[in-house]
Every structure is written in structure tokens, then in C-alpha cells.
Amino acid sequence: MTAGAAAGKKLAASSPVDAMSDLPPQLSVSPALFQKFQKLIYSETGIWLGSAKTALLCGRLFRRLRELEISSLEGYYERVAGTDQHEERARMIDAITTNETRFFREPRQFEFMTREVFPRWQQDAERRLRSKRLRIWSAGCASGEEPYTLAMLLATHFPAAEGWDIRILATDISNRVLAKAREGVYPIAKSTELPKDLLHGFMLRGISERQGEMKVKIEIQQMVEFRRLNLNQESDLGEGPFDAIFCRNVLIYFDLDSKRRVVENLVRHLAPNGVLFVGHAENLNSVSSELRSLEPTIYTKTRNESNL
């Protein structure tokens with residue numbers, strides 16, 4: 001999903017590689033061992049791995065076991081559950097989850113931003129009801145398309161030359177996808193996801209050995225800070241409060257308790273007149289009394305009395 005459930009990520013879909021028949025016998029998993037992995041993954045991320053995911057667990061961890069020269073999932077569990085194995089648990093979460101994202105995913109929400117939110121910020125700044133400081137949080141940013149989409153839109157509507165100070169915090173639990181996001185390099189085929197003015201204004205086409213790729217321009221990259229963060233754990237983010245938070249296609253992978261905990265953390269970091277965007281299959285009306293709906297999947301704080 002964007003991804004990091006707790007991490008802004010989602011469980012990987014099964015594939016032929018995941019099939020139990022393709023695995024050596026030592027990678028079978030007993031119900032008791034699977035329950036141990038369930039509890040470990042839940043404690044780390046808030047994701048509850050359903051019992052139908054046994055083949056997925058085996059298939060996704062197969063490569064990691066081979067790298068570590070561990071012959072069984074029992075042996076791997078003994079290692080990954082160690083109190084000092086924080087990095088290995090992060091690798092495990094990387095292995096069993098996948099990231100799905102694109103530029104301008106769910107375009108209706110970006111249209112709402114440009115139609116409703118941006119004019120309000122501009123008018124309030126002109127009336128000196130707010131500063132020209134804008135802070136946005138992309139929670140579960142995956143490989144970076146979402147925060148870079150936001151950066152391109154914000155750079156267009158709120159130019160630094162006019163005194164706007166814009167920073168975007170982009171977080172995910174996966175070091176692997178964060179490394180890709182920081183590079184800002186994408187297949188040229190993804191250029192179709194971008195409006196032509198933004199594509200030509202903020203992307204560089206690769207040449208020679210980088211042919212077939214495009215790269216985000218440095219001025220856009222500098223607007224975004226990528227950081228590892230587990231949404232399932234409380235965090236103090238000094239960049240806040242945030243004028244807008246995007247946490248999309250993440251919450252559906254949490255159970256209710258984890259979802260409430262994550263939403264409480266998001267609301268705590270949302271500015272009084274801020275806007276929270278969630279995924280198309282996510283509804284927060286029964287999750288938090290501190291939020292009210294502006295449109296489906298778009299929320300603000302209950303006490304927000306602005307005209308949004």
C-alpha cells in the first residue's frame with residue numbers, strides 16, 4: 001500500500017513462489033509454530049497474519065533462511081525472536097509484506113486538496129490567520145510516489161519564492177523501500193501516472209545506462225525527509241503538528257485495537273484545522289470520536305470550525 005499495515009504496508013499476495021509444494025520439507029510450519037510467528041508479527045506491527053497465510057509465510061521467508069543458512073523455520077524463529085534481533089525482525093516484516101503505490105493514487109483526494117484545502121491555506125495566509133509554514137506527513141509512504149506527488153503539487157501552488165516553507169515527512173517501517181524512495185528513480189513507464197506539466201517540470205529522463213528510467217528533480221527531493229517509523233508504536237514527531245496527513249490503504253490491515261491506537265497517534269499529530277486522508281476501503285466513523293468526515297475517506301478534527 002502504500003503500505004507501512006503498521007508499517008504502512010500490506011500482506012503480500014500469494015504467488016506460485018509461495019506454494020508449499022515448491023518448498024523443501026523443513027520449511028513446513030506446524031500450527032504451534034505458526035501461532036508463534038503470528039504473535040511476533042502482531043507485536044511488531046499490529047498486523048494479524050491469518051491462518052490461511054501459512055504458505056505465504058514459508059514462501060516469503062525461504063530466501064532469508066537461505067541467506068542465513070538456517071534449515072528450518074523453527075531455527076529461524078529462535079533467532080528472530082531474540083531480544084536483540086530488532087534488525088532481523090525488520091527484515092522479516094519486509095519479507096512477508098509488499099508495497100503497492102503509484103503517483104496520484106486515488107486522484108479524487110488530490111483534487112479535493114487543490115479545490116478545497118489549498119485555497120483555504122492561501123486565503124488564511126493572506127489574511128495572516130496562519131503562517132506560510134506547511135507540514136505534511138505521508139505515513140506508510142512505501143517507495144515514495146505519494147510524498148513526491150504531494151511535493152510536486154505543493155511546489156506548484158505554494159512557491160518558495162513567495163515565502164512558503166514546505167516540508168514533507170515520509171515514513172515507512174521498511175528500510176528497503178525507504179532506500180528506493182530516497183533515490184527517487186522510477187521506471188519511465190510510470191510517467192503515464194503524472195500530468196504532463198508535472199512530469200516535464202519535476203522529472204528528469206534517464207539517458208545512456210539510465211535509459212528507461214526517470215528521476216525526481218533535486219528541488220522536489222529536498223522537500224521530503226524519509227524516515228523509518230512503526231505506526232503501531234507511539235512516536236513524538238518534532239515536525240508537527242501537520243496540516244495534512246496521508247495514511248492510505250494502511251489501516252485495513254490492522255485489527256480494531258491496533259487501528260484505534262494508530263488513529264489516536266495520527267490525530268495527536270494533526271493540526272487543529274488539519275486534514276486526514278485514508279484509503280478508499282477505510283472508514284473511521286466508528287474508530288475515533290475526535291474526527292468528523294468531510295467527504296468519504298477525508299477527515300478533520302471534530303473541533304475544527306473552519307469552512308472546509
Quick check for you: to the nearest 0.5 Å, what is the distance between [X] atom [atom1] and [Y] atom [atom2]?
X	Y	atom1	atom2	value
Trp121	His157	CH2	NE2	11.0 Å
Ile220	Ile168	CD1	CD1	8.0 Å
Leu231	Ile173	CG	CD1	8.0 Å

Using the test side chain to side chain contact (heavy atoms under 4.5 Å, CB included), find all partners of [X] that sit at least two apart in sequence or belong to another chain.
X	result
Arg115	Glu111, Phe112, Glu295
Ile207	none
Arg133	Ser131, Arg135, Asp165

Is there a donor-acceptor pair closer than 3.5 Å between any side-chain N or O of [X] and the backbone N or O of [Y]?
X	Y	value
Lys132	Ala125	no
Glu146	Arg105	no
Gln221	Glu183	yes
Ser143	Ala181	no
Thr302	Leu291	yes
Asp124	Leu129	no

Pairs satisfying ring-ring contact (aromatic ring centres under 6.0 Å, His included), at least one member in residues 263-294, at least two apart: Trp137-His269, Phe246-Phe277
Pairs flagged by ring-ring contact (aromatic ring centres under 6.0 Å, His included) wherever residues 196-226 is involved - sequence neighbours left out: Tyr148-Phe226
Stepwise side-chain contact (heavy atoms from CB on, under 4.5 Å) check, Phe34 with Leu49: CA-CA 9 Å; Phe34 185 75; Leu49 197 66; 3.8 Å; yes
Should the heavy atoms of other residues, nucleotides or ligands under 6.0 Å from [atom1] of [X] be counted, would the total exceed 12?
X	atom1	result
Glu69	CD	no
Arg228	CZ	yes
Glu290	CD	no

Pairing residues for [X] by the side-chain hydrogen bond (donor to acceptor under 3.5 Å, both in side chains) criterion, not counting sequence neighbours:
X	value
Ser235	Asn265
Glu239	Arg227
Glu88	Arg64, Tyr76
Arg102	none

Closest non-hydrogen atom pair between Leu266 and Ala139, with its separation: CD2-CB, 4.5 Å
Met113 to Ala244 - nearest heavy-atom pair and separation: CE-CB, 4.4 Å
Flag the pair [X] / [Y] as yes when at least one side-chain heavy-atom distance between them is below 4.5 Å, and no otherwise.
X	Y	value
Glu74	Lys36	yes
Ile218	Gln222	yes
Arg79	Ile70	yes
Phe37	Leu73	yes
Asp243	Arg130	yes
Cys141	Leu178	yes
Phe158	Glu162	no
Leu198	Leu153	yes

Residues Leu251, Leu284; criterion side-chain contact (heavy atoms from CB on, under 4.5 Å); working and verdict: CA-CA 9 Å; Leu251 297 171; Leu284 304 185; 3.7 Å; yes
Verdict with supporting geometry, Ile298 and Val275, side-chain contact (heavy atoms from CB on, under 4.5 Å): CA-CA 7 Å; Ile298 304 173; Val275 187; 3.5 Å; yes
Hydrophobic cluster identity match, Leu204 and Leu194, side-chain contacts under 4.5 Å: no
Hydrophobic cluster identity match, Met223 and Val185, side-chain contacts under 4.5 Å: no
Under the ring pair (Phe, Tyr, Trp, His ring centres under 6.0 Å) test, residues paired with Phe104 that sit two or more places apart: Phe110
Donor on one side chain, acceptor on other, Ser258 and Tyr42, under 3.5 Å: yes
Residue pair Asn230 / Asn232, side-chain donor-acceptor N/O under 3.5 Å: no
Pairwise salt bridge (Lys or Arg N to Asp or Glu O under 4.0 Å) hits with a residue in residues 256-276, at least two apart: Asp236-Arg268
Listed once per pair and sorted, the salt bridge (Lys or Arg N to Asp or Glu O under 4.0 Å) pairs that draw on residues 187-203, sequence neighbours left out: Glu145-Lys190, Lys190-Glu193
Worked verdict on Leu40 versus Met92 for side-chain contact (heavy atoms from CB on, under 4.5 Å): CA-CA 10 Å; Leu40 179 61; Met92 176 185 68; 3.9 Å; yes
